[in-house]
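The next block holds one structure in the form of structure tokens; read it before the comments.
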Number of protein chains: 2
Amino acid sequence: MSDAADDAIAGGDQRRGSLALTIRDVARLAGVSIGTASKALNANGRLSAETRGRVLRVASEIGYRPNDLAQSLHRARSMTVGILSNDSFGRFAFPIVEALERRLSDHGIAVFMCNATDDPVRERRHIEQLLGKRVDGLVVTARRADKREPIEPVARGLPVVYVYSRVESPDALCLLPDDKGGAALAVTHLAALGRKRIAHITGPERFEAVRLREEGYRDALARAGLVAEAEECLAGDWSEAWGREATRRLFKRRRPPDALFCGNDQIARGAIDALRDLGRSVPAEVAVVGFDNWEVMAKGARPPLTSVDMNLDALGRAAGECLLDMMSGRAVAGVRRLPCSLVVRESCGAHARSSAAGELNA
Amino acid sequence: MSDAADDAIAGGDQRRGSLALTIRDVARLAGVSIGTASKALNANGRLSAETRGRVLRVASEIGYRPNDLAQSLHRARSMTVGILSNDSFGRFAFPIVEALERRLSDHGIAVFMCNATDDPVRERRHIEQLLGKRVDGLVVTARRADKREPIEPVARGLPVVYVYSRVESPDALCLLPDDKGGAALAVTHLAALGRKRIAHITGPERFEAVRLREEGYRDALARAGLVAEAEECLAGDWSEAWGREATRRLFKRRRPPDALFCGNDQIARGAIDALRDLGRSVPAEVAVVGFDNWEVMAKGARPPLTSVDMNLDALGRAAGECLLDMMSGRAVAGVRRLPCSLVVRESCGAHARSSAAGELNA
DNA sequence: AAGGATTGGGAAAAGCTTTTCTCACTTCGA
DNA sequence: TCGAAGTGAGAAAAGCTTTTCCCAATCCTT
């Protein structure tokens, strides 16, 4: 640090307890007024090159950094947004939030993280706090949305994006993965590989995602001309145990399936384990496809699991994009479903030509 | 909303584009000066009960909320902290961050989330941004700390807590799980159950955690008098595949182990799968204990996996506590290691009396 | 009833920037 | 050489709170 910096700290307004340097310090050290210093720093007004240079030099020497609080107060834009989650930012919310944060931080926007964990009181408190901090926008994400939560009664005019979460209000913007399309992708792929009897093992029916994936499954079967002989759908919970159980059940029947499309990767893993126990080889006898493309799960399976990827990061990026749009005044609303992809590994029996990059887009 | 609120919005300073109500609005509607309104809202000065009541009533009617930006500017305390992560807030950072956020939000402190993903440029930018926002503190968390990152050259006097991450500087505060103790906990437990030949399958040696857990393993063996006959330590990577591979290797030998202590839950899962393939029953013939207590992994295993829990939420809470301490002026420094617990399930062969709540503390 | 004490409320500054307006000084042309 | 045009920099207000200081009015005491 230079002498100037020491001066700025030692001399001058010693009384001010704050350790942060202000534009006053810059101005004083550069021998100009505060307004002039501001203009120099913001490349704004009409200044001589010499003055501008001097101010900038001083500023960088003492490591001056403008106080965002004051700037925000002045501009009535805080350059912050809040993210409200219930998932405890778990496996699903997180990739979204991460992509979102990245997108926004590229625009100089910082992100407040708030975790309400399904406690309405905490949620309310968080919203109050965010409003107090004058956030420029709000993102709401939820756990694997079972039932849609009511829209927040937030201040009018505040941009809100719901991502991986759904509300009824027609003027709200909801960003969701295309569960139906993702399921169809998987089933169509299996059918194209010659599988005839494709069963579906999935999670609790109360999840909208479960219902949509089931729809996609049925549609794709119909389109492949497989309905009559194949349709078979078992709903349970999201666990490996259920995957094993359901598989055992299916293979007790007279005509067991030659492919399993599972509602998530844990179920798929359970299914693969059960098939191994039953002496059925995967993928030769039975092909298996999962959902979520949860890497540790999918890659750890034997054989590695083909799975539908919800492209959560794309969802997060899109949320960021929409929020930026709304913040700059454009109105966006409605429900948007973003495409899933299929990540092909070995469990489905496709010749994994490019096993690493083998992605089919919806 | 009441008439007063409509007045506040429709009448008065219409020119001001901002939609947020200010203390001016409250004052005007209550027929008092701004200062008086402030005093009423903060229960501060000497006011008649009647005036105070009137101001409060108006404020609540129009839904007034003080502008934290202005408050922060005035108080020179922003009531915000930044969390910097490299883990992409993955599986490890997240429980910590969540507990931390909860702890701090109870004190009215909001949390900026910044993800640097090991990019030093992004990290620097984030720090700059946080300093601009005048955060009152900083928390740094890292991925499963392989090598310790250098300390940040942050503004002097800004409280910083490193959690699940380690730096060399002696006046830094680092909060870490007690890997060594956790490992000892597992091994001691196995020894107490009568296992004699306990092998250790673990991750890459470059991780400090790997070295510490190995130390704990050796110490516990020594304390149990098992050194000569048992010591066996295989380092590989953190995957299920490695768990399977290492297990196969161990069971090709003349005298295979009767227990496996694994460096994480994925390795443990691989080990269990390999044992099943080899026809060795778990836990009857071989006991298995993992590390991390990653619920989906541990509960999905067959049998459910006994595992060491790093109590990441306690770590997060402690980080919050320390940060609050530092923010209120107390100096804290040094490396603190918080105890792990052992979560007993079935894979270790303990009579799982209370299988759900069976926790041994370090 | 008059002086002092108390009470209730207002005015203003401070906290840090940005921006607009104004002013003094230079330069150029006539 | 004088007036006009132009250039560079400062003063001040605004943005929203909080807090200190002060003043006017009321009350009590003697």
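Quick note on labels: first sequence line is chain A, next is B, and so on, each numbered from 1. Below, all heavy atoms of this structure are taken into account, side chains as well, without hydrogens, waters or symmetry copies. What you see is a predicted model; the values in this text were computed from it and never measured.
- Under the 3.5 Å distance criterion, the side-chain polar atoms of B:S165 are left unmatched by any main-chain donor or acceptor of B:Y162.
- C:dC16 atom P lies 17 Å from atom NZ of B:K133, rounded to whole Å.
- The side chain of A:V32 approaches D:dG10 more closely than any other nucleotide in the set C:dT19, D:dG10, D:dC16.
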Filtered N/O pairs between nucleotides 5-8 of chain C and protein, under 3.5 Å:
unit_1: C:dT7; atom_1: OP2; unit_2: B:R46; atom_2: NH2; d: 2.9

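- For the pair A:R77 CZ and D:dG15 P, the interatomic distance rounds to 18 Å; values are reported in whole Å.
- With A:D119 contributing its side chain and A:A116 its backbone, the two residues share no donor-acceptor pair below 3.5 Å.
- Judged by distance alone, the side chain of B:N115 and the main-chain N or O of A:E98 form no donor-acceptor pair under 3.5 Å.
- For A:A319, the side chain to side chain contact (heavy atoms under 4.5 Å, CB included) partners at least two apart in sequence or on another chain are A:L100, A:V161, A:V163, A:L175.
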Sequence-aligned protein contact record of nucleotides 20-26 of chain D, with B where the base is within under 4.0 Å of a protein heavy atom and S where only the sugar-phosphate is: B------
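- Formation of a donor-acceptor pair under 3.5 Å by the A:S105 side chain with backbone atoms of A:G108 is not found in this model.
- Residues forming a side chain to side chain contact (heavy atoms under 4.5 Å, CB included) with A:D68 (at least two apart in sequence, or on another chain): A:Q71, B:K133.
- The CD1-C1' distance, from A:I34 to C:dA14, rounds to 12 Å in whole Å.
- Between A:N44 and the phosphate of C:dT18, there is no side-chain N or O to OP1/OP2 separation shorter than 4.0 Å.
- Straight-line distance from the CG atom of B:N67 to the P atom of D:dG15: 12 Å, rounded to whole Å.
- Rounded to an integer number of Å, the gap from CZ of A:R24 to C1' of C:dT17 is 11 Å.
- Summarising the geometry, the separation between CG on A:L73 and P on D:dA14 is reported as 14 Å, rounded to the nearest angstrom.
- Note that CD of A:E61 is 11.5 Å distant from CG of A:L56, once rounded to the nearest 0.5 Å.
- Nucleic acid contact class of A:L69 (heavy atoms, under 4.0 Å, all strands): none.
- Toward the 5′ end of DNA chain C lies the nearest nucleotide of B:T36, the other residue of the pair B:T36 and A:T36 mapping further downstream.
- Below 30°, between 30° and 60°, or above 60°: for B:F92 and B:Y164 the angle between ring planes is below 30°, a parallel geometry.
- Distance A:R75 CZ to C:dC16 C1': 12 Å, rounded to the nearest Å.
- As a whole-Å value, the separation of A:L41 CG from C:dT18 P is 7 Å.
- Between D:dC16 and B:Q71, no contact under 4.0 Å exists linking OP1 or OP2 to a side-chain N or O.
- With hydrogens and angles disregarded, no donor-acceptor distance shorter than 3.5 Å links the side chain of A:S38 to the backbone of A:I34.
- For B:H74, the listed nucleotide lying nearest its side chain is C:dG15; candidates were C:dG10, D:dG10, C:dG15.
- Look at A:R122 and B:E101 and you find a salt bridge, because one of the NZ, NE, NH1 or NH2 atoms lies within 4.0 Å of a carboxylate O, short of that distance.
- Regarding contacts with the backbone of C:dT18, a side-chain N or O of A:N42 is found under 4.0 angstrom from either OP1 or OP2.
- Rotation axes derived from the C1' atoms of the five outermost pairs at either end of the helix from C:dA1-D:dT30 to C:dA30-D:dT1 lie 60° apart, to the nearest 10°.
- Distances shown here put a side-chain N or O of A:Y64 below 4.0 Å from the OP1 or OP2 atom of C:dT17.
- Sorted by first and then second residue, the ring pair (Phe, Tyr, Trp, His ring centres under 6.0 Å) pairs with a member in residues 96-115 of chain B read A:F112-B:F112; sequence neighbours excluded.
- The structure places OG1 of B:T36 at 13.5 Å from CZ of B:R46, a figure rounded to the nearest 0.5 Å.
- Within the structure, a side-chain polar atom (N or O) of A:S33 is placed less than 4.0 Å from OP1 or OP2 of D:dG10.
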